[in-house]
Amino acid sequence: MDRKMGISLTSLALALAAPATAQAAPADAVFATHMTFDIAPTDLRAAISQFSQATGLQVVVAPSAVAGRRSAGVRGAHTVREALDQLLRGTDLAVSIRGGVVVLKPGKAQPAAVAHAPAPKAEAAPELVQAEPQEEVPADENEIIVSGYRGSLLGAQDLKRKAVGAEDDILATDIAAFPDLNLAESLQRVPGITITRDSGEGRQITLRGLGPDFTRAQLNGMEVLSNTASGMDNRGAVSRSRSFDYSLFASELFGRVSVQKSYSANQDEGGIAGTIGLTTAKPFDYAGTRLVLSAKGQTNDNTSGITPRIVGLASFRSGDFGILVSAAYSEIKNNEFGYRNWGWGVTKYNAANIGTEIDAATRQKLLDGVFQPTAQSPSSWYTDRRRLGITASAQYHPGNGLTLDLDFLYGRLWDHRDDYALASAGTNGLNGSSVTGAQVIHSAVIDASNTLRAASYTGIDQRSEHHVVENHTNFYQGVANLKWELGDRFTIRALGGYEESDFSQPVFDKVFMEAKNMAFSYDTRPTIPVNTYGVDLTNPDLWTVQRLDTQENQIVTRYANAKLDGEYKLSDGLTLDVGGSFKHFINSGYQYNNKVFHNVPANIVAPNGVKQLVDPDTLYQYIVGNVDAVYAYVGDPRSLSVKNLSAGSDYHVDETTWSGFAQFNLDTIIGGMRLRANAGVRYYSTDLVSTGHLATTAGFVPVSIETNAHGWLPAANVALDVAKDVVVRVSASRNMNRPGLGDLAAAGSITTRPLGGSLSLGNPFLKPYKATSVEGSAEWYMDRTGFASVGVFYKKMDSFITPNTYTIPFGQTGLPLSLLIQGQDANTPYDVTQPINGPGADIKGIEVAFQHDFTFLPGVLKHLGVVANGTWFDGHQTILNGGKPYVVPLFNLSKWAANATLYYENSVWGVRVSDAYRSKYLTGGGSSGNIGDGYKATNFVDFQAHYNITPKIRLVAEGINLTDEPIRQYTDIGADRTVVYTTSGRVFTLGVSAEF
């Protein structure tokens, strides 16, 4: 944000800055612009703030001049000057202009306005006050800057205050200026939101302790879904769910993000946790023509080189019409590396595989079986990610009560990954449920949980892996929003839109090399587990080709949406809103697989020229196969076809929903207190057709299953201004959540390992989640310098989908034996997970938030401020593991979370430091006798600093993940067995933005 006018300690600028990419236009030029306004009767401070946000003008007024006053508001088409005069009617404030800023000062008194009275027709605007020369206002020790970051916080505070239900907002200046790589990392600053990270950046969100599938994301008023892939199969691999992947878009593309935590009947059903509303920038957000360019260089200390981050925006307004185009492109190189254990389970040792050094008690435990990982693997996941986003918006606001907005968005996310791993998973390895080969264990540390924490061996065959992946996601959306005021009482709103998300992964090639017969030891007790090897792993002569894996994926999601509603004014302060909507959703895709073992009768001896060392940082250096060279040498195909279809992966989900609602909205005065409320009911009916294959008594057969879900969802929200600076809110509602797409699939997915595997099955007969929610909050607004709030909520879910996990021989799954790999048969044990309709669950929580500018401090300290929040959540569910029920915390729920930002900002420069903490949480029910899978606590620290070289040119520096916080995954809530320990590096950016 450019350098703006400051004011003394006795006054305050009520200015909602335009997005960080905007520069305020001269006020005298803007005054003649025609616009459509919709500012309801409210207190004068809020009215002026809304006017500033709508027009892009900076407005300055002394707090004493507006304290305790109200405005009758302004609605309809006016020039900006006419609208300001009508807004100020009944006050004694006179308008002048200084340095391009609107200044309001007490002047000639006018007749008092009656609160909530109909706004009088605007008279001819008085002669425009001559603008003074637009000189730069010098900064001094008494300045308090309310534009930039402070201005965005002020605007978000106003939106929060005027909402009826519980809501938090981030405005464009807030998002664009936060040191964040994408939307997920911007949203983690909001109370109640935590995020999951992958490949060094935020990916998905959890709202109020409920995971990504429980939160609806809307883009320009239309629900949005996307398909992407994780860099690590411990984190879900290819995404085929209802949840939105926020890593798809750069944060700079959006003007506002709202987090609606309370449900009302006029909202679409489907988000028990809440709704995230994303709004792209629009031409009427700005006054006049705007051109913005921003360029940054970005680097990560786990990689080399500098990558670009470029943003451009062009906006044009002329009378009733405006058009805006924006684009954001970035490239991110990341290397997440560390240690990974996979496949923790019970392994039994044959007597011949136990060394004579092992004492009798330990020997017996090994014979009976101990928990050990399938592989003890130093691993690296290198990602080169490119992200492109383009928006286009056209607005037509002719001023006769009609507004039409057209928004288009295109997003593309490219991933190129090089993954590397070394594991004791060769022919004579430690993978599987038994050790029966040439391996001999010579020492063992077994704790009270029967976990083999450390051990040493001889006769181990190590396996290296080099994995190259290329995928991309294309996202398209077009949406039209229309609003038409038919007279003074009736308003029609309509929406129509279509979107599509296409995920393609044409390259997924793995090369497995093997080095035989070596000494090996591991110790998982340190924070970062430690391995030792008895040979030089960088000697290429030791390594031969064992196996090649090839895979292709395709997922397409299509979504069409139409809404129509009408709002009728029954009386002053009371309206009735009635409407309906149609949604049609289709998800389809497939996976091709080709796994070829080259170890019979023996591995392929390959020339050293097709071998290489691990390119990115790694805990240990070792030999891997060069993917292109090995495939060319061996001759295996890399392009697959339908003959390689993985059975059950080609399922199809078709979902159609019709819904309608009726809602009363109230805005009145009771006992001198302003009361705002809404109450209504929504009805929905969803028809689902799930097509695929199911395992039945007749075998693995094609099926097409049709189901219907319907119901009534009542909701009520109340906001009462118990004092001029205190708002109390109470809400109660009934809502539902549709099951995840993978859960509804008439199909399954399989993961194979040499001596076992896992199988995830769908269940098209699942019923929706249904929840009753109650909540309340109290908010204290400290004039225009901040607020403090506390809120509580409780959700009771009388139906809850839960995982059922068990281990059975593959032959009992009903799936074809053709899915198995070399060395497996019908008796090979497989861990099977399938969602079922389980008993209900509940969740409760407390949210506390505080925001304050330290304007009371002396000297330069008055430019300091803080934003902080903390949450406590508690919720449980029942899972089935091995046929036994276990009560565990809800998946993705962190009991404790906190965010804090300390900032300093004056007219020339600013800096802020942000901290985001979340406690440990579960992500799954566990398998192979482990109860629960999850993540350990994380604490991320970021910073941002800027310097205004000129009023239109800003230098910006950012640092993300300053402490190089590790990601730690574990399995079993009691035994705490390490699964992943990785770091993704610190990210630094430096760049400049310019406005014209």
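- Contacts of Y498 classified as side-chain contact (heavy atoms from CB on, under 4.5 Å), with partners at least two apart in sequence or in another chain: E500, R558, A560.
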Might you work through the side-chain contact (heavy atoms from CB on, under 4.5 Å) test for N961 and S984, ending with a clear yes or no?
CA-CA 9 Å; N961 188 20; S984 56; 4.0 Å; yes
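- With K611 contributing its side chain and P540 its backbone, the two residues share a donor-acceptor pair below 3.5 Å.
- Residues passing the salt bridge (Lys or Arg N to Asp or Glu O under 4.0 Å) test with D407, sequence neighbours excluded: K282.
- Scored by the side-chain contact (heavy atoms from CB on, under 4.5 Å) test, S504 finds H472, P506, Q554 as partners (sequence neighbours excluded).
- In terms of heavy-atom proximity, G625 sits nearest to H466 at O-ND1, 2.8 Å.
- Contact of the Q621 side chain with the V614 side chain is registered, since non-hydrogen atoms from C-beta on lie closer than 4.5 Å.
- For the salt bridge (Lys or Arg N to Asp or Glu O under 4.0 Å) test, residues two or more places apart in sequence or in another chain that qualify with D549 are R547.
- Qualifying side chain to side chain donor-acceptor pair (under 3.5 Å) partners for D384, counting only residues two or more places apart in sequence or in other chains: none.
- Y246 is linked by a side chain to side chain donor-acceptor pair (under 3.5 Å) to nothing, counting only residues two or more places apart in sequence or in another chain.
- In this structure, a donor-acceptor pair under 3.5 Å is absent between the side chains of N334 and N302.
- Here L324 contributes atom CG and F316 contributes atom CZ; the two are 12.5 Å apart, rounded to the nearest 0.5 Å.
- None of V190, N899, I193, D168 except one satisfies the side chain to side chain contact (heavy atoms under 4.5 Å, CB included) rule with N869; the exception is N899.
- Partners of E223 according to the salt bridge (Lys or Arg N to Asp or Glu O under 4.0 Å) rule, which considers only residues two or more places apart in sequence or in another chain, are K583.
- The two atoms that bring P529 and T978 nearest to each other are CG-CG2, 4.3 Å, heavy atoms only.
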Going through the distances and angles, do T307 and S330 end up as a side-chain contact (heavy atoms from CB on, under 4.5 Å)?
CA-CA 7 Å; T307 57; S330 64; over 6 Å; no
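- Side-chain contact between Q612 and Y420 is present, with at least one heavy-atom pair separated by less than 4.5 Å.
- Not a single donor-acceptor pair under 3.5 Å links the side chain of N300 to the backbone N or O of I332.
- You'll find the side chain of L219 reaches within 4.5 Å of the side chain of F254, heavy atoms only.
- Using a 4.0 Å cut-off between charged side-chain N and carboxylate O, E995 and R954 make no salt bridge.
- No hydrogens or angles considered: a donor-acceptor pair under 3.5 Å links the side chains of R216 and T275.
- Separating the CZ atom in R387 from the CH2 atom in W414 is a distance of 11.0 Å, to the nearest 0.5 Å.
- In terms of heavy atoms, D213 sits closest to G740 at OD2-CA, 4.3 Å.
- With ring centers used as reference points, H467 lies under 6.0 Å from F508.
- In this structure, OH in Y935 is found 12.0 Å from OG1 in T194, a value given to the nearest 0.5 Å.
- Residues F940 and E185 are not in side-chain contact: their nearest non-hydrogen atoms beyond the backbone lie 4.5 Å or more apart.
- With hydrogens and angles ignored, the 3.5 Å screen pairs a side-chain donor or acceptor of D964 with a backbone N or O of G985.
- For the side-chain contact (heavy atoms from CB on, under 4.5 Å) test, residues two or more places apart in sequence or in another chain that qualify with L640 are T550, E552, Y592, N594, N644.
- Note that the OG atom of S380 and the CG atom of L619 stand 7.0 Å from one another [nearest 0.5 Å].
- Of the candidates N474, I555, L413, I555 is the only one forming a side chain to side chain contact (heavy atoms under 4.5 Å, CB included) with F503.
- Of the residues Y410, F249, F408, the one that meets the ring-ring contact (aromatic ring centres under 6.0 Å, His included) test with F475 is F249.
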Could you go through the side-chain contact (heavy atoms from CB on, under 4.5 Å) check for N335 and W381 one step at a time?
CA-CA 6 Å; N335 179 38; W381 294 268; 5.5 Å; no
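- The closest side-chain heavy-atom distance from D405 to F284 is not below 4.5 Å.
- Listed here is the closest heavy atom pair of A629 and N626: N-OD1, 3.0 Å.
- The side chain to side chain donor-acceptor pair (under 3.5 Å) search around K333 returns none, not counting sequence neighbours.
- To the nearest 0.5 Å, atom CD of residue Q298 and atom CG of residue L990 are 11.5 Å apart.
- Taking each heavy atom of A314 and L291 in turn, the nearest pair found is CB-CD1, 4.0 Å.
- The number of heavy atoms from other shown groups lying within 6.0 Å of CG (L955) is above 12.
- T923 has its side chain within reach of N892: a pair of non-hydrogen atoms, C-beta onward, lies under 4.5 Å apart.
- Partners of T963 by side chain to side chain donor-acceptor pair (under 3.5 Å), not counting sequence neighbours: none found.
- The closest donor-acceptor contact from the side chain of T618 to the backbone of Y620 lies under 3.5 Å.
- With no hydrogens or angles considered, a side-chain donor-acceptor pair links E336 and T982 at under 3.5 Å.
- For the pair I623 and L613, the tightest heavy-atom approach, listed with the atom from each and the gap, is CD1-CD2, 3.7 Å.
- The backbone N or O of L422 sits less than 3.5 Å from a side-chain atom of S377, completing a donor-acceptor pair.
- Residues passing the salt bridge (Lys or Arg N to Asp or Glu O under 4.0 Å) test with E965: none are found, sequence neighbours excluded.
- The distance from the CZ atom of R986 to the CG atom of L962 is 8.0 Å, given to the nearest 0.5 Å.
- Between V624 and V511, the closest side-chain pair of non-hydrogen atoms is not below 4.5 Å.
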Please determine whether side chain to side chain donor-acceptor pair (under 3.5 Å) holds for the pair Q944 and D942, giving the CA-CA distance in whole Å, both sets of side-chain angles, and the decisive distance to 0.1 Å.
CA-CA 7 Å; Q944 194 257 23; D942 309 323; over 6 Å; no
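- By the side-chain contact (heavy atoms from CB on, under 4.5 Å) test, L293 pairs with F996, sequence neighbours left out.
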Stepwise, does the side-chain contact (heavy atoms from CB on, under 4.5 Å) test hold for E252 with S294?
CA-CA 10 Å; E252 291 93 340; S294 173; over 6 Å; no
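- Contact of the D615 side chain with the D418 side chain is not registered, since no non-hydrogen atoms from C-beta on lie closer than 4.5 Å.
- Side-chain polar atoms of T989 and E958 form a donor-acceptor pair below 3.5 angstrom.
- Formation of a donor-acceptor pair under 3.5 Å by the R918 side chain with backbone atoms of A897 is not found in this model.
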